[in-house]
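This report concerns only the one structure given below.
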Amino acid sequence: MDFNMKKLASDAGIFFTRAVQFTEEKFGQAEKTELDAHFENLLARADSTKNWTEKILRQTEVLLQPNPSARVEEFLYEKLDRKVPSRVTNGELLAQYMSEAASELGPTTPYGKTLIKVAEAEKRLGAAERDFIHTASINFLTPLRNFLEGDWKTISKERRLLQNRRLDLDACKARLKKAKAAEAKATLWNDEVDKSEQELRIAQTEFDRQAEVTRLLLEGISSTHANHLRCLHEFVESQTTYYAQCYRHMLDLQKQLGSSQGAIFPGTFVGTTEPASPPLSSTSPTTTAATMPVEPSMAGMAPSGETALCLEEVAPPASGTRKARVLYDYEAADSSELALLADELITVYSLPGMDPDWLIGERGNKKGKVPVTYLELLS
């Protein structure tokens with residue numbers, strides 16, 4: 001008991017000494033040991049890394065889960081070390097509503113059939129979104145959280161210890177200075193100066209040791225950056241794969257709707273929907289590029305067993321030609337295709353038996369097949 005009481009008294013005395021030293025420094029009444037420029041730069045770099053990691057983490061969480069209530073719930077589950085319940089994505093919920101609507105309104109009607117097709121596509125989009133969220137959480141969010149909750153807490157702890165060691169050191173310097181001043185006035189014995197010098201040597205050693213530990217941790221921020229860089233690449237890869245899957249699913253849906261539209265509304269053009277973005281051209285090596293349709297396939301230009309269209313013999317129909325604005329540059333793959341330049345206007349029309357992804361395009365005396373996804377059909 002006596003030992004514990006003495007330790008508490010000692011700790012209280014140290015805390016009081018540090019508080020006095022800190023206060024006097026703030027009022028300019030005591031000298032302060034300054035860290036070297038390199039150390040200060042390491043501290044600033046570490047603080048900046050921590051602040052930006054927090055911001056990137058929070059905004060990525062918003063990107064993956066826009067619902068704030070759901071984010072709070074997931075946070076609580078993680079803190080309680082419990083499994084986060086699986087949620088239906090917005091796409092999957094929309095697919096469910098469309099399927100139920102088709103069942104009630106008539107699954108064999110044109111509207112009902114289309115609802116079912118769109119519902120299937122939305123369900124696939126929802127599944128792709130779920131996979132993306134799961135992958136991004138593991139490969140990107142988790143490493144960022146681990147840094148903030150692990151490495152950064154260790155760095156903060158050692159920095160606080162370093163601050164305490166510095167305060168102890170400067171307090172010892174102040175006591176030695178006062179002891180020497182008193183000795184000069186012959187009011188103290190020499191052993192008081194010797195005691196202060198011994199305390200100063202001990203404080204200096206502890207400060208130097210703690211400064212080295214803290215410096216090594218701060219220099220480890222470079223390794224943190226390298227790890228976050230790798231995680232960032234993985235995040236981009238997962239996001240690229242996700243959008244590639246979405247593009248593929250929507251392109252498949254567009255084909256289905258285009259063929260059914262032609263059957264329901266004879267004489268209308270197939271694929272009149274303007275694409276939301278240019279056709280994807282390439283992905284990074286680790287992305288499943290095979291899932292990304294880059295350009296409309298040449299397969300299906302003529303049904304199996306039929307010969308390809310002879311462009312010299314093709315004549316525009318008496319009715320049904322339209323003007324189209326070219327959305328993106330297109331380089332013809334062979335002589336049967338027409339090269340396109342963005343923003344130019346051409347005349348287009350469809351022929352019986354053509355793949356719905358293609359139209360016949362004419363510009364002046366030039367004629368050739370053109371991909372629908374590169375066009376905006378004008379009314």
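Looking only at side-chain heavy atoms (C-beta outward), Gln210 and Leu169 stay at 4.5 Å or farther from each other. When side chains are defined from C-beta on, Arg248 does not count as touching Arg124, because their heavy atoms never get closer than 4.5 Å. At a threshold of 4.5 Å between non-hydrogen side-chain atoms, the residues Asp194 and Gln198 do not count as touching. Residues Leu43 and Leu35 form a side-chain contact, since some pair of their non-hydrogen atoms from C-beta on lies under 4.5 Å apart. At a threshold of 4.5 Å between non-hydrogen side-chain atoms, the residues Val370 and Tyr330 do not count as touching. Considering only heavy atoms from C-beta on, Thr241 stays 4.5 Å or farther from Thr135 through its side chain. Within the 4.5 Å cutoff, the side chain of Lys180 has heavy atoms near those of the Glu197 side chain. A heavy-atom distance below 4.5 Å is found between the side chains of Leu141 and Leu64.
Looking at Glu337, its side chain does come within 3.5 Å of a backbone N or O of Ala333 through a donor-acceptor pair. In terms of modelled atom types and a separation under 3.5 Å, the side chain of Asn139 and the main chain of Phe235 share no donor-acceptor contact. With Arg166 contributing its side chain and Phe207 its backbone, the two residues share no donor-acceptor pair below 3.5 Å. Judged purely by atom type and a 3.5 angstrom limit, Thr142 uses its side chain to pair as donor or acceptor with the backbone of Ser137. Checked by atom type and distance alone, the side chain of Ser48 never pairs as donor or acceptor with a backbone atom of Ala44 at under 3.5 Å.
The two residues Ala95 and Lys123 make their nearest non-hydrogen contact at CB-N, 3.7 Å. Minimum heavy-atom separation, Ile346 to Gly361: CD1-CA, 4.5 Å. Taking all atoms of both residues into account, the shortest heavy-atom contact from Ala332 to Leu338 is CB-C, 4.2 Å. The two residues Thr60 and Ile56 come nearest to each other via the heavy atoms OG1-O, 2.7 Å. For Ala171 against Thr17, the heavy-atom pair with the smallest separation is CB-CG2, 3.7 Å.
Within a 6.0 Å radius of CZ in Phe39, more than 12 heavy atoms belonging to other residues, nucleotides or ligands are found.
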- Verdict with supporting geometry, Leu148 and Leu144, side chain to side chain contact (heavy atoms under 4.5 Å, CB included): CA-CA 6 Å; Leu148 294 173; Leu144 298 186; 5.6 Å; no

- Message: If you apply the rule salt bridge (charged side-chain N to carboxylate O under 4.0 Å, His left out), what do you find for Glu199 with Arg175, and how did you get there?
- Response: CA-CA 9 Å; Glu199 291 177 348; Arg175 282 198 297 271; 3.5 Å; yes

- Message: Assess the residue pair Lys195 and Glu192 against the criterion (salt bridge (charged side-chain N to carboxylate O under 4.0 Å, His left out)); give the C-alpha distance rounded to whole Å, side-chain angles, the decisive distance to 0.1 Å, and a yes or no.
- Response: CA-CA 5 Å; Lys195 179 182 177 182; Glu192 187 68 22; 5.3 Å; no

- Task: May I have the step-by-step check of side chain to side chain contact (heavy atoms under 4.5 Å, CB included) for Val193 and Leu176, ending in yes or no?
- Result: CA-CA 6 Å; Val193 175; Leu176 178 60; 4.1 Å; yes

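To the nearest 0.5 Å, atoms OG (Ser156) and CG (Asp151) are separated by 10.5 Å. The structure places CG of Leu232 at 12.5 Å from NE2 of His225, a figure rounded to the nearest 0.5 Å.
Asp170 and Lys32 are not joined by a salt bridge, as no carboxylate oxygen comes within less than 4.0 angstrom of a charged side-chain nitrogen.
Counting only residues at least two apart or in different chains, salt bridge (charged side-chain N to carboxylate O under 4.0 Å, His left out) contacts with residues 218-231 comprise Arg215-Glu219, Arg230-Glu234. Listed by first then second residue, pairs satisfying salt bridge (charged side-chain N to carboxylate O under 4.0 Å, His left out) with a partner in residues 42-51 read Asp47-Arg159, Lys50-Glu54, not counting sequence neighbours.
Each of Lys366, Arg363, Arg325, Lys323 was evaluated against Glu344; a single residue qualifies, Arg363, per the salt bridge (Lys or Arg N to Asp or Glu O under 4.0 Å) test.
Taking the six-membered ring where the residue is Trp, Phe147 and His228 present perpendicular rings, their angle passing 60° and hence far from 30°.
Using a 3.5 Å distance cut-off with no hydrogens or angles, the side chains of Asp252 and Gln256 do not pair a donor with an acceptor. Looking only at atom types and distance, the side chain of Glu100 has a donor-acceptor partner in the side chain of Gln96 under 3.5 Å away.
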